[in-house]
J.: 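Sharing a structure here in structure tokens format.
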Amino acid sequence: MKNGWKARIGGPLATALVLLLAAFSTGNVIFLTASLLLLVCLLLGFLSVWLATRSLSVSTRLADRLVHRGEDVLLEIIVRHQGILPIAPLVVHLAATPDTPEADLALRDLPGKRQRMQLPFHAAHIGVSRPGVKAVTVSDLFGLFSVTKKPEVEGSELIVVPTPFDVDELTFAPGDSGSETMARATEDVNNPADVRNYQPGDAMKKIHWKLSLRKRELMVRRFEEPVLPDALVLMDCSAPPKIGHEEAEADMRDALLETAASVMAQTLHTDHAARLPLQGEHPIELYKGMGLPMILENLARADFSEADRFERVLLLETRRMRKVGATVIISARLNSRMVDVMTRMRKMGPYVRFYFVTFTPDAEAVLPLISKLQQGLVEVCYVTPVPA
């Protein structure tokens, strides 16, 4: 722990010295007694703080490491010291979290005993934080000495993950359903991938007659199984638009993350692969095979630090459209450039769905852009941020 000593002994020490000088000058016992009392108070104050500080220990424990947005979690704080002299109540300085500001709590002075408290935290916003004790201040009864100590071990990491909601099943581009593609592949006798021995029940048209004559046994063509088209989820990872209200802006980030989580959760019920690239200082591509818990945790760590404009990100992602059957775009902003890119994506083949996260879906500035998207056969869905 790192110590930060503060002493307010200038006045009392000067007074004690003046009284001591007066006692020696006049021979008055009262002055001498008062001077000694002041010096003893200074000494006791210093010793009480020093002894308590040497044996001070702080520990914190979260009831849950991972919670969904909107849930509550308990933080247990245990403070103990072995000082034998009385001190002022300990002051615990709590670290700030995305949902709570820094706060100070005064504890009772119980020398040699464990002081334990439980604080409830409401997980109002998605993210990663370390709620716990930032520092503890130890003071003497007279307020002359104080020491602020920081715990050597940081608090446990609290991960607040998105809470998925129900979304409509994704629609893939016409002709790209799994059953249709599979049927075409199994009937395409011009595209064999390998051969194998004949098995009862194999269709006659799959027999490789030339190879069968050469090997003197029936050989059957095997065909490549089709690769189902992917679902590509693109979330705007740049800072959401500023609206002049920090809490509303945090709700907007939560809505973006929960929409992305909901789409990825829906793809778990399909046979199609799904990918969600997260841009920013620490880019990562999430994919369906990671499983929903890992997807949610990585979304909770998204920092919305992407510097590129989202329309540029969309333009770069058009290179993936050849293998994509459905594209989901999630953003809290909409402009003409984004409309042009999304319309172009739709013309390239994949089905495109746009989730518009906004408090004002009927704003006059965006209505013409929405109309243009719909004319380009882009499905538009609205998501209104809701506080937890």
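No experiment lies behind these values; they were computed from the predicted model shown.
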J.: Do S336 and L369 have side-chain heavy atoms sitting under 4.5 Å apart?
T.: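 A side-chain contact exists here, since the closest heavy-atom pair is under 4.5 Å.
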J.: So, taking the atom named CG in D230 and the one named OG1 in T327, what distance separates them when rounded to the nearest 0.5 Å?
T.: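 D230 CG to T327 OG1: 9.5 Å, rounded to 0.5 Å.
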J.: Is the shortest distance from a Lys or Arg side-chain nitrogen in E297 or R65 to a carboxylate oxygen in the other one below 4.0 Å?
T.: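 R65 and E297: salt-bridged.
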J.: Please tell me if the side chains of L94 and V92 come closer than 4.5 Å, counting only heavy atoms from C-beta onward.
T.: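 A side-chain contact under 4.5 Å exists here.
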J.: Looking at OG1 of T33 and CG of N28, how far apart are the two atoms once the value is rounded to the nearest 0.5 Å?
T.: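 So the OG1 of T33 and the CG of N28 are separated by 8.5 Å.
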J.: Treat each ILVMFWY residue as a node, draw an edge where side-chain heavy atoms are under 4.5 Å apart, and state whether V29 and L21 are in one component.
T.: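 No, no single cluster joins them.
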J.: Which atoms form the tightest heavy-atom contact between L257 and L299, and what is the distance?
T.: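 Here L257 and L299 meet closest at CD2-O, 3.5 Å.
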J.: Just how far is it from atom CG of L56 to atom CZ of R80, taken to the nearest 0.5 Å?
T.: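 Rounded to the nearest 0.5 Å, the CG-CZ separation comes out at 11.5 Å.
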J.: Less than 4.0 Å between a side-chain N and a carboxylate O, is that true for K215 and E217?
T.: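 Here E217 does not pair with K215 in a salt bridge, since their nearest N and O are not under 4.0 Å apart.
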J.: Specify the closest pair of heavy atoms between E317 and M321, including all atoms of both residues, with the distance to one decimal.
T.: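 Heavy atoms of E317 and M321 come nearest at O-CE, 3.4 Å.
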J.: Is the number of heavy atoms from other residues, nucleotides or ligands under 6.0 Å of L74 CG greater than 12?
T.: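 More than 12 heavy atoms, drawn from other residues, nucleotides or ligands, come within 6.0 Å of this atom.
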J.: Consider only side-chain N and O atoms of Q115 and H81, and report whether a donor and an acceptor are under 3.5 Å apart.
T.: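 No - no donor-acceptor pair under 3.5 Å links their side chains.
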J.: Using the rule that two of Ile, Leu, Val, Met, Phe, Trp, Tyr join whenever any of their side-chain heavy atoms come within less than 4.5 Å, decide whether L47 and L90 are in one cluster.
T.: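 Same cluster: L47 reaches L90 through Ile, Leu, Val, Met, Phe, Trp or Tyr contacts under 4.5 Å.
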J.: Looking at K134, is its backbone amide N or carbonyl O close enough to the side chain of H93 to form a donor-acceptor pair, meaning the two atoms are under 3.5 Å apart?
T.: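 Side chain of H93 to backbone of K134: no pair is present.
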J.: Decide side-chain contact (heavy atoms from CB on, under 4.5 Å) for N298 and M290; before the verdict, give the C-alpha distance in whole Å, the side-chain angles of both, and the deciding distance to 0.1 Å.
T.: CA-CA 10 Å; N298 278 280; M290 297 173 68; 3.6 Å; yes
J.: Between D140 and V49 (side chain of the first, backbone of the second, donor and acceptor by atom type, cut-off under 3.5 Å), is there such a pair?
T.: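 No, the answer is negative, given that no donor and acceptor are paired below the 3.5 Å cut-off.
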J.: Does any part of the side chain of P229, heavy atoms only, come nearer than 4.5 Å to the side chain of H272, both counted from C-beta?
T.: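 A side-chain contact exists here, since the closest heavy-atom pair is under 4.5 Å.
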J.: How close do P162 and A300 get, heavy atom to heavy atom, and via which atoms?
T.: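 Closest approach of P162 to A300: CD-N, 4.5 Å.
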J.: Find out if a path of hydrophobic residues (ILVMFWY) with successive side-chain heavy-atom gaps under 4.5 Å connects V147 to I84.
T.: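 Both belong to a single hydrophobic cluster.
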J.: Applying the side chain to side chain contact (heavy atoms under 4.5 Å, CB included) criterion to L315, which one of R337, M338, M345 satisfies it?
T.: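 Output: one option passes, namely R337.
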J.: Starting at NE2 of H245, measure out to CG of D251 and round the result to the nearest 0.5 Å.
T.: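 Here the interatomic distance stands at 8.5 Å.
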J.: Under 3.5 Å, is there a donor-acceptor pair between the side chain of K288 and the main chain of T270?
T.: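 Side chain of K288 to backbone of T270: a pair is present.
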J.: Ignoring hydrogens, what is the shortest heavy-atom contact between S238 and E306? Give both atom names and the distance.
T.: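 Residues S238 and E306, closest heavy atoms: CB-O, 3.4 Å.
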J.: Give a yes or no on whether M117 and V133 share a hydrophobic cluster (residues Ile, Leu, Val, Met, Phe, Trp, Tyr; joining criterion: side-chain heavy atoms under 4.5 Å apart).
T.: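 Yes, it is one cluster - the side chains of M117 and V133 are joined through contacts under 4.5 Å.
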J.: With a 4.5 Å heavy-atom cut-off, do S48 and L141 have their side chains touching?
T.: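 A side-chain contact under 4.5 Å is absent here.
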J.: Got T267 and L170 here, is their nearest side-chain heavy-atom distance under 4.5 Å?
T.: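 A side-chain contact under 4.5 Å exists here.
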J.: Show the numbers, then the answer: is there a side-chain contact (heavy atoms from CB on, under 4.5 Å) between L234 and M342?
T.: CA-CA 11 Å; L234 301 174; M342 284 188 276; over 6 Å; no
J.: Between S35 and F31, is there a donor-acceptor pair closer than 3.5 Å when you use the side chain of the first and the backbone of the second?
T.: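 Side chain of S35 to backbone of F31, a donor-acceptor pair under 3.5 Å: no, none is there.
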J.: Hey, is CZ on R309 packed in by over 12 heavy atoms from elsewhere, all under 6.0 Å?
T.: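 Counting other residues, nucleotides and ligands, CZ of R309 stays at 12 neighbours or fewer.
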J.: Using side-chain heavy atoms (C-beta onward) and a distance below 4.5 Å, is Q82 in contact with R54?
T.: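 A side-chain contact under 4.5 Å is absent here.
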J.: Measuring from E311:CD to D236:CG, what's the distance to the nearest 0.5 Å?
T.: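 So the CD of E311 and the CG of D236 are separated by 8.5 Å.
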J.: Show the numbers, then the answer: is there a side-chain contact (heavy atoms from CB on, under 4.5 Å) between V339 and L334?
T.: CA-CA 7 Å; V339 171; L334 182 62; 3.9 Å; yes
J.: Using every non-hydrogen atom in the two residues, find where G376 and R346 come nearest and quote the distance to one decimal.
T.: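 Heavy-atom minimum between the residues: O-CG, 3.3 Å.
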J.: Taking atom CD of E169 as the centre, does the number of heavy atoms from other residues, nucleotides or ligands within less than 6.0 Å exceed 12?
T.: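 Result for CD/E169: open.
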J.: Taking ring-ring contact (aromatic ring centres under 6.0 Å, His included) as the cut-off, I'd like each qualifying pair that reaches into residues 130-155, sequence neighbours left out, listed once.
T.: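 As it turns out, the ring-ring contact (aromatic ring centres under 6.0 Å, His included) pairs with a partner in residues 130-155, which skip direct neighbours, are F46-F145.
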J.: With distance as the sole test, does E76 use its side chain to make a donor-acceptor pair with the main-chain N or O of R116 at under 3.5 Å?
T.: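 Side chain of E76 to backbone of R116: no pair is present.
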J.: Are the charged groups of E157 and R301 less than 4.0 angstrom apart, N to O?
T.: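 Salt bridge: yes.
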J.: Is it the case that the side chain of S212 and the backbone of M219 share a donor-acceptor pair, with hydrogens and angles ignored and the cut-off at 3.5 Å?
T.: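 Yes: the side chain of S212 pairs with the backbone of M219.
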J.: After noting the C-alpha distance and the side-chain angles of V233 and M235, does the key distance pass the side-chain contact (heavy atoms from CB on, under 4.5 Å) rule?
T.: CA-CA 7 Å; V233 183; M235 184 184 72; 5.5 Å; no
J.: Report yes if the side chains of N335 and F310 come closer than 4.5 Å at any heavy-atom pair, otherwise no.
T.: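 The answer is no, as the side chains (C-beta and beyond) never meet within the 4.5 Å cut-off.
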J.: For E258, is there any backbone N or O sitting under 3.5 Å from a side-chain donor or acceptor partner on R69?
T.: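 No, R69 side chain to E258 backbone: no donor-acceptor pair under 3.5 Å.
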J.: For the atom pair CZ (R8) and OG (S146), what is the distance rounded to the nearest 0.5 Å?
T.: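 Interatomic distance, R8 CZ to S146 OG, rounded to 0.5 Å: 5.0 Å.
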J.: For a quick test of reading the model, state the closest non-hydrogen atom pair linking A261 to L296 and the distance between them.
T.: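 That would be CB-CD2, 3.5 Å.
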J.: Please tell me whether L276 and Y287 are part of a single hydrophobic cluster in this structure, the criterion being side-chain heavy atoms less than 4.5 Å apart.
T.: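 Yes, L276 and Y287 fall within the same hydrophobic cluster.
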J.: With sequence neighbours left out, which residue pairs that include part of residues 345-372 fulfil the ring-ring contact (aromatic ring centres under 6.0 Å, His included) condition?
T.: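 For residues 345-372, and leaving out neighbouring residues, the ring-ring contact (aromatic ring centres under 6.0 Å, His included) pairs sorted by first residue read F354-F356.
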J.: Is there side-chain contact between K347 and L377, with heavy atoms separated by less than 4.5 Å?
T.: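 A side-chain contact is absent here, since even the closest heavy-atom pair is not under 4.5 Å.
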